[in-house]
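All chains are named by letter (A, B, ...) in the order of the sequence lines, taking the proteins before the strands, and each is independently numbered beginning at 1. Note that the structure is a prediction, hence the values are computed from the model and not measured.
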Amino acid sequence: MISTPSNSVVFSGLQPTGHLQIGNYFGAVQNFVKLQTQYECYYAIVDYHAITVEHDPEELRRNTLEMGFDLLACGLDPKQCVLFVQSQVPEHTELAWILSAVTSYGDLQRMTQFKEKGETQEFVSCGLFTYPVLQAADILAYKASKVPVGEDQVQHIELTRRIARRFNARFGETFPEPDVLLTAALRLMSLADPERKMSKSLGPKHYIALNESEESIREKIKTAVTDVGPRTETKEKSPGVANLFLLLKLSASQEIYDQFESDYARGVLKYEPLKRAVADCLVKTLEPIRARKAQLKESEVREILHEGARTARAVARQTLAEVRERIGVGKLI
RNA sequence: AGGCCCGUAGCUCAACUGGCAGAGCAGCCGACUCCAAAUCGGCAGGUUGGGGGUUCAAAUCCUCCCGGGCCUGCCA
């Protein structure tokens, strides 16, 4: 069997949260960069998702553009992938409405992310509830079959499959059922609370941004939580130390990494030198990204995003034409 | 459309019958530590949702507005 275009399309969406942090980079974006050389990739900065909770319009605008800068700096190449802003392709929201008609209310009620996010919000919008439907539309508008996402999104992709299946059953084969593209599950943990995943929402001590100053990176690594010392009776690393080793693996040479591993195994590792090495290597690893970002001009980023939206829209429009036809709306002849 | 409840520090809440707005957590600085954590010491944090009114004095009482939640009705 030769792979057809229909099973080689990748879609992923990123919320415009402002600057990317290194957890996003090593956990997801680095993988996106790799995927763009192997698949037909659509990457969307999903601003319509961001409005489902309270937000500031100016901040959203700024964050959306900022995300474009960061993604390009990380190595997403407009020649190899389609990078765009969700709201610039209105087919997403149109398809979301259509799909909401084949989405089970009960399924949505079972989405754990809605329950969790809803608890933190004073005002729970209807949009927050139907968020997974828009996500399904994002994916299905391009008939994507592979969706690289984190573990926390797996439930939403399963819902997307159910939505696709139900649509196909009622109106005829239209969408592929997308698969989660699980790469080597790589989770950077918070520096200040290594039991939790690194996230901006936990506070500044918990994450390192891609564009963070060298001084600040060193300070945060230095104050990262460790433990009372290497344990002799068990080889198991504490979460904080394991996290530092993961950072070292991601940024240091094999030699340096092996040296620290060996020190740890022999029970002679001191955390202070480990932290110094992690900070050194991390600063060096992020430097090229910083350099690329500094070279990007705002007008250039805007143009790339607009061009991406044009390309994406051409594809999404075709899908919508087919969908409208199948469900009996639009043209009446 | 009617009724009831709520809004105080970043978060969770306290403040009697109207009497100097406070605590825990989070945050910042320091001590301790190979580095951290924990612990200890210190610091900072406020238009009490907003306007108007009563009063010597309002987070507290009255009034309007904004925001949120619940109940009922109406429509279909």
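Between A:Lys222 and B:rA36 there is a side-chain polar atom (N or O) within less than 4.0 angstrom of OP1 or OP2.
Between the side chains of A:Tyr131 and A:Gln135, not a single donor N or O lies within less than 3.5 Å of an accepting N or O. A:Thr319 and A:Glu91 share no side-chain donor-acceptor pair at under 3.5 Å. Using a 3.5 Å distance cut-off with no hydrogens or angles, the side chains of A:Asp138 and A:His49 do pair a donor with an acceptor.
Side-chain to base pairing of A:Lys275 with B:rC35: one donor and one acceptor N or O lie within less than 3.5 Å of each other.
For B:rC74 and B:rG2, the C1' atoms lie 10 Å apart once the distance is rounded to whole Å. Taking atom P on both B:rU48 and B:rG7, the two are 14 Å apart, rounded to the nearest angstrom. B:rA44 sits 15 Å from B:rC29 when the P atoms are compared, rounded to a whole Å. For the P atoms, the distance from B:rA31 to B:rA36 is 10 Å, rounded to whole Å. The P atoms of B:rU63 and B:rG69 are separated by 24 Å, rounded to the nearest whole Å. Using P as the reference atom, B:rG46 and B:rG10 are 7 Å apart when rounded to the nearest Å. Comparing the same atom, P, in B:rG49 and in B:rU8 gives a spacing of 6 Å after rounding to whole Å. Taking the C1' atom of each, B:rC16 and B:rG22 are spaced 15 Å apart, rounded to whole Å.
In this structure, CD of A:Glu195 is placed 15 Å from C1' of B:rA36, rounded to the nearest angstrom. If you measure from atom CG of A:Leu274 to atom C1' of B:rA37, you get 16 Å, rounded to the nearest angstrom. Computed from coordinates, the A:Asp193 CG to B:rA38 C1' distance equals 14 Å when rounded to whole Å. Atoms CG (A:Asn243) and C1' (B:rA36) sit 13 Å apart, rounded to a whole Å. For the pair A:Leu244 CG and B:rA36 C1', the interatomic distance rounds to 9 Å; values are reported in whole Å. Whole-Å rounding puts the A:Phe123 CZ to B:rG69 P distance at 6 Å. We find that CD of A:Gln121 is positioned 12 Å from P of B:rC11, with the value rounded to whole Å. One can place CD of A:Glu122 at 8 Å from C1' of B:rG7, the figure rounded to the nearest angstrom.
Shown here for A:Val33 and A:Cys74, the closest heavy-atom pair between the two residues is CG2-O, 3.6 Å.
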Notebook entry, point to check: For RNA chain B, what string of dots and brackets results from 5' to 3' when Watson-Crick and G-U pairs need both distances under 3.5 Å, crossing pairs get [ ], and pairs with another strand get |?
Noted result: (((((((..((((.....[..)))).(((((.......))))).....(((((..]....))))))))))))....
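Ring centers of A:Phe114 and A:Phe129: under 6.0 Å apart, within the cut-off. If you look at A:Tyr25 and A:His19, their ring centroids are not closer than 6.0 Å.
In this structure, A:Lys197 is not positioned above the aromatic face of A:Tyr207 in the sense of NZ or CZ being under 6.0 Å from the six-membered ring centre and within 45° of the axis. Relative to the ring axis of A:Phe11, A:Lys146 does not place its NZ or CZ within 45° and under 6.0 Å from the centre.
Ring orientation note: the planes of A:Phe32 and A:Tyr43 are close to parallel, at an angle under 30° on the 30°/60° scale.
When each of B:rG69, B:rC34, B:rA36 is scored by its nearest atom to the side-chain atoms of A:Glu272, the top-ranked nucleotide is B:rC34.
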Atom pairs, N/O to N/O, protein against nucleotides 25-30 of chain B, distance under 3.5 Å?
residue	atom	partner	partner atom	Å
B:rG27	OP1	A:Lys205	NZ	2.8

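Residues meeting the side-chain contact (heavy atoms from CB on, under 4.5 Å) test with A:Glu177, sequence neighbours left out: A:Arg161, A:Ala164, A:Arg165.
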